[in-house]
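Structure record follows, encoded as C-alpha cells.
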Amino acid sequence: DVPDGEVTRTEVNGRGLFVYREKKAYQIYDSHCPHQSTNIPELAISGTTLTCPKYQWEFDAHDGSCIKKGNTGLTRIESKVVKGRLLAHW
C-alpha cells in the first residue's frame with residue numbers, strides 16, 4: 001500500500017518501479033533515469049521528488065516530468081486498479 005500523497009519504490013519481476021498515489025489515482029514510472037539509464041534507488045526519494053544519483057537530474061512524482069538539470073521525464077507505465085489490486089502493463 002502506498003499512502004496518499006506519497007511515492008514508493010518497488011521491484012516487480014526484476015524491474016524497478018516508482019509508484020505515486022494521489023487519492024484513488026496512481027502513477028507508475030520506470031526507475032531508470034532517461035539520461036544514462038541509471039537505476040534510481042529508493043534513497044533518492046525526497047517527498048515527491050526523485051533524484052538520479054549519477055548526475056542529479058530531478059523528477060516530479062506527480063507527472064514524471066524532469067524539474068532540474070534535464071529535459072526528459074521518467075517513462076510512465078500504464079496502470080489500473082482492478083478489484084483492489086494495482087496492475088501495471090509493460
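The structure displayed is predicted, hence computed values, not measured ones.
- In plain terms, the two heavy atoms of T38 and C52 that are nearest each other are CB-SG, 3.8 Å.
- Salt bridge annotation for D30-R15: present, with a cationic side-chain nitrogen under 4.0 angstrom from a carboxylate oxygen.
- When the ring-ring contact (aromatic ring centres under 6.0 Å, His included) test is applied to Y26, no partner is found at least two apart in sequence or on another chain.
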Between K80 and H89, is a side chain to side chain contact (heavy atoms under 4.5 Å, CB included) present by the stated rule, with each step listed? CA-CA 9 Å; K80 63 182 176 179; H89 308 279; 3.8 Å; yes

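- V12 and Y29 are not part of a single hydrophobic cluster, where members link through side-chain heavy atoms under 4.5 Å apart.
- What you find for P34 and L74 is that their closest heavy atoms are CD-CD2, 4.1 Å.
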If you apply the rule side chain to side chain contact (heavy atoms under 4.5 Å, CB included), what do you find for L86 with S79, and how did you get there? CA-CA 7 Å; L86 179 60; S79 64; 4.1 Å; yes

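- Closest approach of A88 to I28, counting heavy atoms only: CB-CD1, 3.8 Å.
- Residues V81 and L87 are not in side-chain contact: their nearest non-hydrogen atoms beyond the backbone lie 4.5 Å or more apart.
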Residue pair C66, T72: steps toward the side chain to side chain contact (heavy atoms under 4.5 Å, CB included) verdict: CA-CA 6 Å; C66 188; T72 305; 5.8 Å; no

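- The closest donor-acceptor contact from the side chain of R21 to the backbone of V2 lies under 3.5 Å.
- Remark: T51 OG1 to K69 NZ distance equals 10.5 Å, nearest 0.5 Å.
- When all heavy atoms of V7 and T48 are compared, the pair lying nearest together is CG1-CA, 4.3 Å.
- We find the CG-CG distance between L17 and N13 to be 9.5 Å, quoted to the nearest 0.5 Å.
- Applying the ring-ring contact (aromatic ring centres under 6.0 Å, His included) criterion to H32, with sequence neighbours excluded, gives no partner residue.
- Applying the side-chain hydrogen bond (donor to acceptor under 3.5 Å, both in side chains) definition to pairs two or more places apart or across chains, those involving residues 54-67 are Y20-H62, Q36-K54, D60-H62, D63-S65.
- In the displayed structure, D1 atom CG is contacted under 6.0 Å by at most 12 heavy atoms of other residues, nucleotides or ligands.
- The shortest non-hydrogen separation linking F18 to P41 is CZ-O, 3.9 Å.
- Ion pairing between E11 and R9 holds under the 4.0 Å rule for side-chain N and carboxylate O.
- F59 and I40 get closest at one heavy-atom pair: CE1-CD1, 4.0 Å.
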